[in-house]
Amino acid sequence: MKPKKQNPDFLYLGKKLLNWYRINARNLPWRSTRNPYKIWISEIILQQTQVKQGLQHYLNFVQRFPNVETLANADTDEVLLYWKGLGYYSRALNLHKAAQQIITDFEGEFPQKYEEILKLKGVGKYTAAAIASICYHERKPAIDGNFYRVLSRLFADDYDISQAGAFQYFSELALQMMPYEACGDFNQAIMDLGAEVCKPKQPLCQLCPLAADCMAWQTGAMAQFPVKTKKVKATDLALQYYFVHFENRFLIRQRADDFIWKKLYEFPDAIPEDWLQFRQSSIVLKHKLTHKNLEITIDTIALPSEALLETLVKQYSYIIVDTEASHQKSFPKPLEAFIQQWEQRKNEG
DNA sequence: AATACGGGGAC
DNA sequence: GTCCCAGTATT
């Protein structure tokens with residue numbers, strides 16, 4: 001059931017949560033600033049990514065790209081290098097584009113209203129609300145997985161969060177609770193509560209400031225919320241690569257931006273047939289992505305001369321790198337691991 | 001409305 | 001193995 005007008009009891013819940021946050025807020029680097037650029041970077045990094053995983057990437061990223069201008073002027077490859085290992089690489093590409101968008105469309109000044117922030121590449125309703133509320137005190141609930149979980153449990157609400165209307169539904173619910181001041185803190189309070197107390201599994205209800213008000217807690221039904229019916233299944237995908245090297249130099253190429261591992265580097269998938277005589281070894285790697293089970297075959301080709309390496313560069317527009325230069329490129333996780341092992345074996349003899 | 005898009009962590 | 005994470009873009 002959807003609350004139709006402002007409910008004072010709901011507002012009281014919001015204040016209670018805010019008071020809890022004043023004491024229990026996590027000490028995170030992006031909490032000590034209202035610089036919209038840094039808040040933006042943190043929000044993009046933390047999309048579908050836990051704080052523990054994204055924290056070091058955030059620190060490295062804002063140190064190398066401290067403001068919109070440095071990011072806008074950077075090479076895409078370097079932006080991707082700082083994103084290496086984070087996943088969902090379109091986030092990095094969109095971040096780069098959006099920085100240039102701010103230069104060209106917003107005169108270099110970070111947009112200050114929800115509707116304007118929403119125009120940035122890679123910024124959706126959640127992120128725009130987070131930035132607008134934290135940096136500019138706009139009263140917009142930042143509806144994410146934490147909101148769905150906390151609110152559905154608090155009201156024992158079985159609205160299916162995988163339905164299209166869930167965002168709007170929980171936005172209206174959140175607006176009932178959201179204080180008229182400190183909107184950004186309220187959004188962050190829900191995030192902290194969801195991350196540290198109202199966790200997906202084994203929530204710590206005895207620590208929760210809203211336990212006395214929580215309808216799920218009253219019946220011990222925390223595990224039943226939120227309701228999510230959508231199911232995802234992984235599909236199989238086979239990839240075939242040739243690791244072609246002469247001594248410590250090898251061939252790579254850059255992927256397209258319309259499939260997995262957008263704009264990351266990989267090995268060749270085609271070589272002249274007569275090079276197969278130089279095959280040293282062949283290995284199969286199993287690698288699981290969220291929606292794909294990968295089977296990666298890598299044939300190692302040890303060329304007898306440097307000249308042969310050069311011929312393929314012209315023929316296929318591959319790139320030659322040595323081990324040191326390869327560290328300046330962003331590779332998918334399994335290929336990164338392969339290169340590391342190869343390096344290690346080479347150094348051992 | 002449905003699907004694609006990574007990698008890590010908890011259980 | 002399963003599920004989730006400070007979601008967005010595309011179709």
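Proteins come first, then strands; the chains are lettered A, B, ... in the order of their sequence lines, and each starts at number 1.
Remark on DNA chain B: of its neighbouring residues A/L86 and A/G165, the 5'-side contact belongs to A/G165, judged by nearest-heavy-atom nucleotide. Nearest-nucleotide positions on DNA chain B for A/H291 and A/K333 put A/H291 closer to the 5' end. Comparing A/L118 and A/I134 against DNA chain C, the residue whose closest nucleotide sits nearer the 5' end is A/I134.
Exactly one residue among A/N35, A/V51, A/L59 makes a side-chain contact (heavy atoms from CB on, under 4.5 Å) with A/W30. That residue is A/V51.
Across the protein-nucleic acid pair, A/K288 atom NZ and C/dC3 atom C1' stand 13 Å apart, rounded to whole Å. Atom CZ in A/F167 sits about 11 Å away from atom P in C/dG7, given to the nearest Å. Remark: P of B/dG8 and NZ of A/K84 are 12 Å apart, rounded to the nearest angstrom. The separation between A/L120 atom CG and C/dG7 atom C1' is 15 Å, rounded to whole Å. A straight line from NZ of A/K199 to P of C/dC3 spans 19 Å, rounded to a whole angstrom. Atom-to-atom, CG of A/D257 to P of B/dG6 comes out at 11 Å; the value is rounded to the nearest Å. In this structure, A/Q56 atom CD and B/dG8 atom P are separated by 15 Å, rounded to whole Å. Distance A/D192 CG to C/dA6 P: 10 Å, rounded to the nearest Å.
With both ends at atom C1', the span from C/dT10 to B/dG7 equals 22 Å, rounded to whole Å. On the C1' atoms, B/dG6 is 14 Å away from C/dC4, given to the nearest whole Å. Taking atom C1' in both C/dA9 and B/dG8, one finds a spacing of 23 Å when rounded to whole Å. C/dA6 and B/dA4 have their P atoms separated by 24 Å, given to the nearest Å.
At B/dC11, one or more side-chain N or O atoms of A/Q202 fall inside 4.0 Å of OP1 or OP2 (strictly under the cut-off). Note on A/K201: every side-chain N or O is 4.0 Å or more away from OP1 and OP2 of C/dC3. Within the structure, a side-chain polar atom (N or O) of A/K52 is placed less than 4.0 Å from OP1 or OP2 of B/dA10. OP1 and OP2 of B/dG6 both lie 4.0 Å or more from every side-chain N or O belonging to A/W83. For C/dC4, one of the phosphate oxygens OP1 or OP2 lies less than 4.0 angstrom from a side-chain nitrogen or oxygen of A/K228.
The side chain of A/K292 lies closest to B/dC5, out of B/dA1, C/dG1, B/dC5. Taking only side-chain atoms of A/A164, from C-beta outward, the nucleotide of B/dG6, B/dA1, C/dG7 with the closest atom is B/dA1. Between C/dG7, B/dG7, C/dA9, one nucleotide has an atom nearer to the side chain of A/L289 than all others, and that is B/dG7. Comparing C/dC4, B/dC5, B/dG8 by their nearest atom to the side chain of A/F259 picks out B/dC5.
Base engagement by A/R31 is indicated by at least one non-hydrogen atom pair under 4.0 Å involving a base atom. A/R26 comes within 4.0 angstrom of a base, heavy atoms only. Backbone-only contact: A/T127 has heavy atoms under 4.0 Å from sugar-phosphate atoms and none from a base. Contact annotation for A/H287: backbone-only contact, meaning every heavy-atom pair under 4.0 Å involves sugar-phosphate atoms and none involves a base. Using a 4.0 Å heavy-atom criterion, one finds that A/W30 contacts the bases of the nucleic acid, with or without backbone contacts as well. Here A/G87 lies in heavy-atom contact (under 4.0 Å) with a base. Residue A/Y89 is in sugar-phosphate contact alone, with no base atom involved, counting any heavy-atom pair closer than 4.0 Å across all strands shown. Residue A/A130 is classed as having no contact, given no heavy-atom separation below 4.0 Å to the nucleic acid. Nucleic acid contact for A/V232: none, since no nucleic acid atom lies under 4.0 Å from a heavy atom of the residue. Among the heavy atoms of the strands lying under 4.0 Å from A/K230 is at least one base atom, whether or not backbone atoms are also near. No engagement by A/Q163 is indicated, since no non-hydrogen atom pair under 4.0 Å with the nucleic acid exists.
No side-chain heavy atom of A/D158 sits less than 4.5 Å from a side-chain heavy atom of A/S152.
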Derivation and outcome, salt bridge (charged side-chain N to carboxylate O under 4.0 Å, His left out), residues A/D77 and A/K263
CA-CA 8 Å; A/D77 273 14; A/K263 290 292 182 182; over 6 Å; no

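The base of B/dG6 sits with one of its N or O atoms less than 3.5 Å from a complementary donor or acceptor on the side chain of A/T290. Applying the 3.5 Å distance criterion, the base of B/dG8 shares no donor-acceptor pair with the side chain of A/T49. Between the side chain of A/Q50 and the base of B/dG9, no donor-acceptor pair under 3.5 Å is found.
Within the cation-pi definition used here (under 6.0 Å to the ring centroid, within 45° of the axis), A/K113 does not qualify as a partner of A/Y136. Taking the ring axis of A/Y114 as reference, the NZ or CZ atom of A/K140 stays within 45° of it and closer than 6.0 Å to the ring centre. Cation-pi geometry between A/K16 and A/W20 is not met: the NZ or CZ atom fails to fall both under 6.0 Å from the ring centre and inside 45° of the normal.
Taking the six-membered ring where tryptophan is involved, the planes of A/F155 and A/F10 are essentially parallel, since the angle between them stays under 30° and well short of 60°.
The shortest non-hydrogen separation linking A/A325 to A/D322 is N-OD1, 2.7 Å.
Judged by centroid separation below 5.5 Å and plane tilt below 30°, A/Y88 stacks onto the base of B/dG6.
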